[in-house]
Amino acid sequence: MGTETVKVLIVAPNQVVRAGVRTLLEEQVEVAGTVGTVAEAALAIRRDPLDVVLVDTGIAGGIANVLRARRGPDVRVVAVVTGEVPPVAQLREYVTIGGDGIVSTAEDLGAALVAIAAGRAPGGWISPTLGASILRVVTVYEPPREVRGESVTPSEHAVLKLVADGHTDREIASRLQRSERVVKYHVSNLLSKLQARNRAHVVKLAIRSGLLSIPVRMDRYGLSERHGIPCDTSD
């Protein structure tokens with residue numbers, strides 16, 4: 001693949017960052033466009049022929065949502081560090097959830113994207129600058145959790161419980177006295193934070209991670225109706 005054929009979409013919340021990254025890339029690749037949100041990126045991915053989607057690590061949940069929106073593995077999704085290097089666990093997570101690489105504006109960004117688009121790093125591309133940072137950190141590796149409970153807001157948790165009860169967005173909006181648009185926003189955030197495929201999956205992951213509990217009701221014989229397990233009801 002020649003460098004002139006690599007089409008890159010830049011996704012970054014800050015306009016100055018988008019302009020700066022574009023300047024770094026323009027001599028080596030074709031910048032197909034720049035957008036500031038994941039929603040705009042999803043539209044561009046469906047509309048334009050792209051080789052690489054370059055996502056700023058400053059967008060919360062950006063990599064996971066862009067991965068969900070891409071049409072196939074031929075579109076590479078790459079995280080770019082434009083400022084302070086994120087924690088090592090976060091860098092690892094970008095790769096484990098399916099990202100095609102992590103690059104930095106401190107290196108030859110265009111050359112890295114050309115290599116990634118050409119499939120020269122099938123196992124994932126790690127910038128030499130960031131690789132050195134990772135090696136300098138002495139830590140015990142822990143697999144990324146499916147969700148960080150502290151990142152789910154009280155409003156999102158209220159919506160999550162009603163989703164688990166099988167309510168539609170309209171019913172949830174009525175119960176919580178919120179607009180349906182706000183409810184859809186919370187559901188979208190929950191799907192992103194739990195990295196879930198759909199509403200049923202988000203409930204399953206929430207139960208597994210402890211965000212939701214399954215109530216156990218006892219019959220008159222002191223048996224769990226859910227599991228059929230004898231329970232000690234004595235003092």
Side-chain angles (χ1 to χ4, degrees), residues 1-38 40-139 141 144:
M1 177 182 291
T3 59
E4 71 278 4
T5 66
V6 178
K7 297 180 176 62
V8 178
L9 175 70
I10 300 168
V11 187
N14 186 291
Q15 184 177 0
V16 174
V17 170
R18 294 197 297 272
V21 173
R22 181 172 198 140
T23 300
L24 291 174
L25 292 177
E26 281 183 326
E27 292 186 2
Q28 299 183 69
V29 303
E30 178 184 339
V31 177
T34 64
V35 297
T37 67
V38 172
E40 291 173 319
L43 289 175
I45 289 169
R46 289 192 290 267
R47 182 186 64 230
D48 304 325
L50 299 169
D51 298 303
V52 177
V53 181
L54 188 63
V55 186
D56 187 356
T57 56
I59 294 185
I63 294 291
N65 282 321
V66 172
L67 283 167
R68 194 176 292 116
R70 72 174 174 179
R71 293 171 297 182
D74 289 341
V75 179
R76 314 286 186 175
V77 178
V78 179
V80 58
V81 176
T82 60
E84 185 178 350
V85 177
V88 171
Q90 186 175 337
L91 293 176
R92 285 189 176 122
E93 191 169 353
Y94 291 143
V95 176
T96 58
I97 64 176
D100 295 291
I102 311 169
V103 296
S104 168
T105 53
E107 65 183 274
D108 189 342
L109 196 55
L113 296 187
V114 169
I116 293 170
R120 296 177 196 162
W125 179 283
I126 303 293
S127 133
T129 304
L130 299 174
S133 298
I134 293 172
L135 290 173
R136 281 196 296 267
V137 176
V138 179
T139 182
Y141 173 67

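All values below come from the heavy atoms of this structure, side chains included, with hydrogens, waters and symmetry mates left out. Residue numbers start at 1 and run along the sequence shown.
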| remark: Here the pair of heavy atoms bringing Ala12 nearest to Val17 is CB-CG1, 4.0 Å
| query | Val31 and Thr34: which non-hydrogen atoms are nearest, and at how many Å? | reply | CG1-CG2, 4.2 Å
| request: Please name the pair of heavy atoms, one in Gly33 and one in Leu9, separated by the smallest distance, quoted to 0.1 Å. | output: O-CD1, 3.4 Å
| message | Rounded to the nearest 0.5 Å, what separates atom CZ in Arg18 from atom CZ in Arg22? | response | 10.5 Å
| field | Shortest non-hydrogen contact from Val11 toward Ala41 | value | CG2-CB, 3.7 Å
| task | Could you grab the distance from atom CG of Leu50 to atom NZ of Lys7, nearest 0.5 Å is fine? | result | 9.0 Å
| task | With rounding to the nearest 0.5 Å, note down the distance linking CG in Asp100 to CD1 in Ile116. | result | 7.5 Å
| Approximate separation, where rounding is to 0.5 Å, of Leu24 CG and Leu54 CG | 10.0 Å
| said: Let's go through Asp56 and Val21 carefully: what are the C-alpha distance in whole Å and the side-chain angles of both, what is the deciding distance for side-chain contact (heavy atoms from CB on, under 4.5 Å) to 0.1 Å, and is it a yes or a no? | reply: CA-CA 10 Å; Asp56 187 356; Val21 173; over 6 Å; no
| query | Is it the case that Ser104 and Glu107 place a side-chain donor and acceptor less than 3.5 Å from each other? | reply | no
| query | Hey, does the side chain of Arg76 reach the backbone of Val52 with a donor-acceptor pair shorter than 3.5 angstrom? | reply | no
| task | For a side chain to side chain contact (heavy atoms under 4.5 Å, CB included) with Gln28, tell me which candidate from Val8, Leu109, Leu113, Asp108 qualifies. | result | Asp108
